[in-house]
A.B. asks: 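Below you'll find the structure I mean.
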Amino acid sequence: MEARLAALISFYRWQEAVFSVPVAGRLMRGTPRRAPARGLLAHLDARTAPAPSSLVRVRRQRHRGRPPLLLPSEIQAILDGCAMPDATVGEWAGNLRDRLLFALLAETGMRLGEALGLRICDFVMGRGGTPYVEIVPREDNTNGARVKMMRPRRVYVGCDLERLFAEYLTQLACRATEVGIGIDTGRRCW
C-alpha cells in the first residue's frame, strides 16, 4: 500500500513539474513530522518557512537483522550436490570445480568475485606449513570484481580444502593432457 502511495505522490509531483498542475502543492504542506531538536536554538526555527512534508507518510521497509546463514549440514548438502567421491571408480562423480568453489567460499568467507578472480598461483600449498590463499587486487579481472578494500590479504585454509584443490588441479592437468594443452600457472582457476 505504501509503495502505491509513494508512486502516486511521485506522479503528482511530476505533473506539477512538467505541466504545472497544482495538485502536488496540496499534497505537500506543513512542517516535517520529525523536527530536529534545537534546544537553546529553537528561536531560529521561526526564521525559516516550513519545509514541505507529505500528508501521507510512506515508510520504506528496511531489512534488519543479519543475513541468513547456511548451517553446516546445508553447506555439506550443497557440496555433495556438486561432486562426491566415487569409491568404485576412484574418481569424483559430478563437478569437482563447483565443489571446490563452494568449499572455498564456505571456508574462507571471501566474496564470489574474489574467488572467481583467483589464479592457480594464488593458492599456496602448505608443504608442511599452513596452506593459504593470496587474494590480490587485479585490474584485469574479466568478471569486473574487486578485492575488498582493494588491499591484498592472505586467508589461511584447512588441509581438506588443500587436498580438494590438489585433486582439482590433477583433474585439470589430466584433461589438458588428453586434449594436448600445456598448463600455465598464471591461468585462472575457474
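These numbers come from the heavy atoms of this one structure, side chains and all, not from hydrogens, waters or symmetry mates.
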A.B. asks: If you round to the nearest 0.5 Å, how far is OH of Y132 from CZ of F123?
C.D. replies: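 Here the interatomic distance stands at 11.0 Å.
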A.B. asks: Return the set of residues passing side chain to side chain contact (heavy atoms under 4.5 Å, CB included) with P137 (not counting sequence neighbours), or none when no residue passes.
C.D. replies: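 With neighbours one apart ignored, the set is V147, M150, P152.
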A.B. asks: With a 4.5 Å cut-off on side-chain heavy-atom distances among I, L, V, M, F, W and Y, is there a chain of contacts connecting V124 to L100?
C.D. replies: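 Different hydrophobic clusters.
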A.B. asks: Could you pull out the closest heavy-atom pair between R99 and C82, with the gap in Å?
C.D. replies: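 For R99 versus C82, the nearest heavy atoms are N-CB, 3.6 Å.
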A.B. asks: Clusters formed by hydrophobic residues whose side-chain heavy atoms approach within less than 4.5 Å: which one holds L69, and what are its other members?
C.D. replies: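 Reading the cluster by chain and number, L69 sits alone, since nothing else belongs.
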A.B. asks: With sequence neighbours excluded, what pairs up with V89 under the side chain to side chain contact (heavy atoms under 4.5 Å, CB included) test?
C.D. replies: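 If we apply the side chain to side chain contact (heavy atoms under 4.5 Å, CB included) test to V89, skipping adjacent residues, the hits are D86, E91.
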A.B. asks: Rounded to the nearest 0.5 Å, how far does CG of N95 lie from OH of Y168?
C.D. replies: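 Separation between the atoms: 8.5 Å.
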A.B. asks: Is the closest side-chain heavy-atom distance between L164 and L96 below 4.5 Å?
C.D. replies: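 A side-chain contact under 4.5 Å exists here.
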A.B. asks: Please walk me through it: do F165 and I120 pass side-chain contact (heavy atoms from CB on, under 4.5 Å)?
C.D. replies: CA-CA 9 Å; F165 181 70; I120 292 173; 4.2 Å; yes
A.B. asks: Linking Ile, Leu, Val, Met, Phe, Trp and Tyr by side-chain heavy atoms under 4.5 Å, what else ends up with L71?
C.D. replies: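 Listed partners: none, L71 stands alone.
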A.B. asks: Using links of under 4.5 Å between side-chain heavy atoms of ILVMFWY residues, direct or through other members, which residues join I75 in one cluster?
C.D. replies: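 Members other than I75 - counting any ILVMFWY side chain reachable under 4.5 Å - are L70, I78, L79, F102.
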A.B. asks: Are V136 and L101 co-members of a hydrophobic cluster defined by side-chain heavy atoms under 4.5 Å apart?
C.D. replies: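 No; tracing contacts between hydrophobic side chains, which count when under 4.5 Å, never links both residues.
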A.B. asks: Minimum heavy-atom separation for M110 to L104, with atom names?
C.D. replies: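 Smallest interatomic distance, heavy atoms only, reads SD-CD2, 4.1 Å.
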A.B. asks: Do I135 and L112 share a hydrophobic cluster, counting only Ile, Leu, Val, Met, Phe, Trp and Tyr and linking them when any side-chain heavy atoms are less than 4.5 Å apart?
C.D. replies: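 Yes, it is one cluster - the side chains of I135 and L112 are joined through contacts under 4.5 Å.
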A.B. asks: Just list the side-chain donor-acceptor pairs under 3.5 Å for residues 154-161, sequence neighbours left out, or say none.
C.D. replies:
residue	atom	partner	partner atom	Å
R154	NE	E134	OE2	2.8
R154	NH2	E134	OE2	2.9
D160	OD1	R163	NH1	3.2

A.B. asks: Considering residues at least two apart in sequence or located in another chain, which fulfil the side-chain hydrogen bond (donor to acceptor under 3.5 Å, both in side chains) criterion with E167?
C.D. replies: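 side-chain hydrogen bond (donor to acceptor under 3.5 Å, both in side chains) list for E167, sorted by chain: W92.
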A.B. asks: Are R138 and E114 ion-paired here, with the side-chain N under 4.0 Å from a carboxylate O?
C.D. replies: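 No, this pair does not count.
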A.B. asks: If the condition is side-chain hydrogen bond (donor to acceptor under 3.5 Å, both in side chains), which residues does Q76 pass it with, not counting sequence neighbours?
C.D. replies: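 Partners of Q76 under the side-chain hydrogen bond (donor to acceptor under 3.5 Å, both in side chains) test: D80.
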A.B. asks: For R119, is there any backbone N or O sitting under 3.5 Å from a side-chain donor or acceptor partner on D122?
C.D. replies: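 Looks like yes, one N/O pair under 3.5 Å.
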A.B. asks: Mind checking what makes side-chain hydrogen bond (donor to acceptor under 3.5 Å, both in side chains) contact with R111, not counting sequence neighbours?
C.D. replies: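 If we apply the side-chain hydrogen bond (donor to acceptor under 3.5 Å, both in side chains) test to R111, skipping adjacent residues, there are no hits.
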